[in-house]
Participant: 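First the structure, then my questions, so here it is.
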Amino acid sequence: MNFVALRMLTGDRAKYFGLVFAIAFCTFLLENQTSIFANILKRTASQILDVTDAEVWVMDPQTEYWEQTKSLKDTDLTRVRGVPGVAWAVRLFKGNPVAKTVKGKFAVCFLVGLDDATLAGAPRRMLMGSWQRLREPDSIVIDKAGYVLLFPGEPLELGRNLEMNDHRVTIVGISDASAPFASLPVMHARYSEAVNFLGRERTELSFIIARAGNGVTPRELTARIAAGTALRARTTDEFMWDCIRYYLKNTGIPVNFGITIAVALVVGTVVAGQTFYLFTVENLKQFGALKAMGVPNLRLVGMILLQASSVAALGFALGTGMAATFFEITLNKLATRGIVLMWQCVALTGICILFVVTVASLLSIRRVLVLEPAEVFRG
Amino acid sequence: MSEHALAVSCRQVRKHFGQGETRIDALRGVDFEARFGELSFLVGPSGCGKTTLISVIAGLLDRTAGDLSVLGTAVDALSSKERVLFRRQNVGFVFQQYNLLPSLTAAENVAVPLLAAEIPRREAVARSRVLLARLGLGARVDSLPSTLSGGQQQRVALARALIHEPRLVVCDEPTAALDHASGGAVMDLLSANAVHPDRAVIVVTHDTRVFRYAHSIARMDDGQIVEVSRPNGGVAAGARGVHSPVKEVFA
């Protein structure tokens with residue numbers, strides 16, 4: 001009877017494709033919106049995650065997220081280094097200077113100042129040049145998106161100059177830095193130079209990045225640093241979530257996306273669920289005839305579940321394919337770079353679709369189970 | 001099995017729907033018999049209880065009171081699971097609106113009762129093709145119902161009712177949606193193929209044109225059998241006439 005169920009499902013092509021595409025578009029909308037939302041939030045911590053050398057971040061106790069920094073004292077670095085379990089700890093500067101091209105094009109940038117001796121925190125994904133060349137005087141590494149923003153329509157080229165706070169700097173590398181939350185160029189320089197590119201303040205030490213020694217977990221180390229220095233210490237992962245939570249709590253992003261996702265969820269699932277339910281209702285006469293002919297309820301339930309699961313699987317696969325294609329197309333565009341289809345969003349959407357199809361199936365099954373087979377005699 | 005043995009026996013069968021002010025007495029003490037090897041017609045005006053009666057006989061509805069024996073079984077005493085099995089094994093249905101599955105071919109539609117009995121699809125369809133050929137539809141076995149005429153669809157429905165060789169065939173207005181020629185053809189086939197010494201056929205109809213096929217005609221009115229006649233043994237027995245009292249019902 002499985003064959004009969006599938007033929008009933010696919011017999012009316014218009015209804016069948018309507019059902020499949022309702023689920024496909026619901027899947028696409030949910031996966032698309034939740035993935036964009038999650039990726040945008042992840043962007044708030046892009047520069048933290050790009051510093052792959054660090055396991056632990058130390059900052060002022062009042063610092064809540066990456067953008068919000070209060071300079072530490074140079075002596076804080078010494079104190080952190082003195083905490084047992086610290087393998088190494090170096091300083092990291094973060095500032096937002098203005099970079100200007102010879103042609104006068106300018107942009108506010110994210111400038112990350114790296115420890116002069118170790119260059120810990122340097123971008124590891126390079127498209128051109130080398131981060132080791134940051135040891136050259138007045139050198140910077142810029143990300144590709146920043147380069148394109150400052151030199152629109154021009155080919156990637158090393159050796160070009162920028163002016164930052166009356167300093168002429170030379171591009172020695174082009175990185176593939178993760179896109180920041182705000183679409184600003186991301187630049188890396190040595191700490192001693194970066195502070196000059198911004199303009200001197202009394203203190204410039206934004207963060208101390210550290211790594212745990214053998215036998216000490218980053219989490220244990222953060223506790224030790226906090227206890228030993230009264231500074232705030234977070235693991236990379238914790239700091240990332242701090243940033244995400246801050247934006248969730250203090251911006252309208254979750255509300256905007258939440259509404260979109262809710263609308264996608266409600267409209268998509270209602271349309272998909274209702275379409276399937278109506279499909280069963282329209283086939284009640286056929287189910288009634290089967291019931292009269294001696295097809296047991298359990299078998300009819302199996303037929304409905306088979307219809308529901310096959311249409312859900314096909315719709316979900318199509319929708320996921322559409323979402324994957326969308327992200328594949330946008331992956332390498334500057335504005336949307338790094339925004340990918342997250343497996344968690346696919347799983348979450350799958351659960352939603354499963355829930356909707358289950359509810360629609362249960363409603364359909366109920367209609368079939370309560371159907372009196374004698375109804376088939378009513379013309 | 002004797003040709004005149006009782007296949008269906010109803011004694012004072014009652015059936016009502018609803019309660020209190022909304023109660024409707026559909027069957028009000030029906031006495032009815034259908035014999036093996038015969039076409040038993042149930043006739044009467046709309047709303048008189050014919051469909052309710054065949055629904056009760058076929059095990060699709062529970063009676064409210066009375067004694068009912070179908071093929072020697074007290075259908076009402078069966079559990080719902082047993083009743084489903086009983087229907088699957090013993091009852092064939094022909095519906096007024098054919099109720100063919102539109103997405104299945106003629107042969108596949110006919111195969112449905114066999115598929116329900118877990119017979120492999122290939123075998124079921126092969127058997128269906130043979131039966132359809134016997135009913136004159138050998139060239140249309142792979143056609144969808146929408147491409148068949150009303151008469152052809154009803155022949156497919158007839159094949160579906162017979163494919164699993166049931167001992168009771170219940171037909172609800174099998175010719176109502178057909179023109180005279182098609183209706184006659186369907187009744188010819190029904191008479192030739194369904195009537196069998198080990199099978200009883202009950203036909204509910206309004207169609208006076210087909211009364212000549214009946215071995216017995218039970219006239220219902222207001223939930224009761226008001227008259228039973230055995231005109232002349234039906235066409236299968238070689239007679240073509242229609243008993244005048246039945247004609248009068250529709251006059």
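Numbered from 1 within each chain, the chains take letters A, B, ... in sequence-line order.
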Participant: Got a second to check how far Asn283(A)'s CG is from Ser103(B)'s OG, nearest 0.5 Å?
Facilitator: 8.0 Å

Participant: Does Arg87(B) use its side chain to pair, donor to acceptor, with the backbone of Ala292(A) at less than 3.5 Å?
Facilitator: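 Yes, Arg87(B) side chain to Ala292(A) backbone: donor-acceptor pair under 3.5 Å.
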
Participant: Set out, in order, the CA-CA distance, both residues' side-chain angles and the distance that settles side-chain contact (heavy atoms from CB on, under 4.5 Å) for Gln286(A) and Asn99(B), then state yes or no.
Facilitator: CA-CA 7 Å; Gln286(A) 298 180 22; Asn99(B) 283 356; over 6 Å; no

Participant: Side chain, backbone, both or neither: which part of Arg83(B) has a non-hydrogen atom closer than 4.5 Å to chain A?
Facilitator: neither

Participant: Rounded to the nearest 0.5 Å, what separates atom NZ in Lys285(A) from atom CG in Leu101(B)?
Facilitator: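 So the gap between those two atoms works out to 11.5 Å.
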
Participant: Looking at chain A, which one of Ala116(B), Ala111(B), Ala161(B) has the largest number of heavy-atom pairs inside 4.5 Å, strictly under?
Facilitator: Ala116(B)

Participant: Would you check, one step at a time, whether the test side-chain contact (heavy atoms from CB on, under 4.5 Å) holds for Glu372(A) with Leu61(B)?
Facilitator: CA-CA 8 Å; Glu372(A) 283 285 351; Leu61(B) 283 178; 3.9 Å; yes

Participant: Which answer fits Val56(B), side chain, backbone, both or neither, if we ask what part of it has an atom under 4.5 Å from a heavy atom of chain A?
Facilitator: neither

Participant: Could you look at Glu173(B) and say if it's the side chain, the backbone, both or neither that has a heavy atom under 4.5 Å from chain A?
Facilitator: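 Neither the backbone nor the side chain of Glu173(B) comes within 4.5 Å of chain A.
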
Participant: Just wondering, do Met293(A) and His164(B) contact through their side chains at under 4.5 Å, heavy atoms?
Facilitator: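 Sidechains of Met293(A) and His164(B): no contact.
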
Participant: Strictly by salt bridge (Lys or Arg N to Asp or Glu O under 4.0 Å), give each pair with a member in residues 297-323 of chain A just once, sequence neighbours left out.
Facilitator: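 Every pair satisfying salt bridge (Lys or Arg N to Asp or Glu O under 4.0 Å) with a residue in residues 297-323 of chain A: Arg299(A)-Glu118(B).
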
Participant: Given heavy-atom pairs under 4.5 angstrom as the criterion, report whether the side chain, backbone, both or neither of Leu9(A) touches chain B.
Facilitator: neither

Participant: Which bit of Thr105(B) comes within less than 4.5 Å of chain A, counting heavy atoms only: side chain, backbone, both or neither?
Facilitator: both

Participant: Determine whether more than 12 heavy atoms belonging to other residues, nucleotides or ligands lie under 6.0 Å from atom CG of Leu298(A).
Facilitator: no

Participant: Measure distances from Val112(B) to the heavy atoms of chain A and classify the residue's part below 4.5 Å as side chain, backbone, both or neither.
Facilitator: both

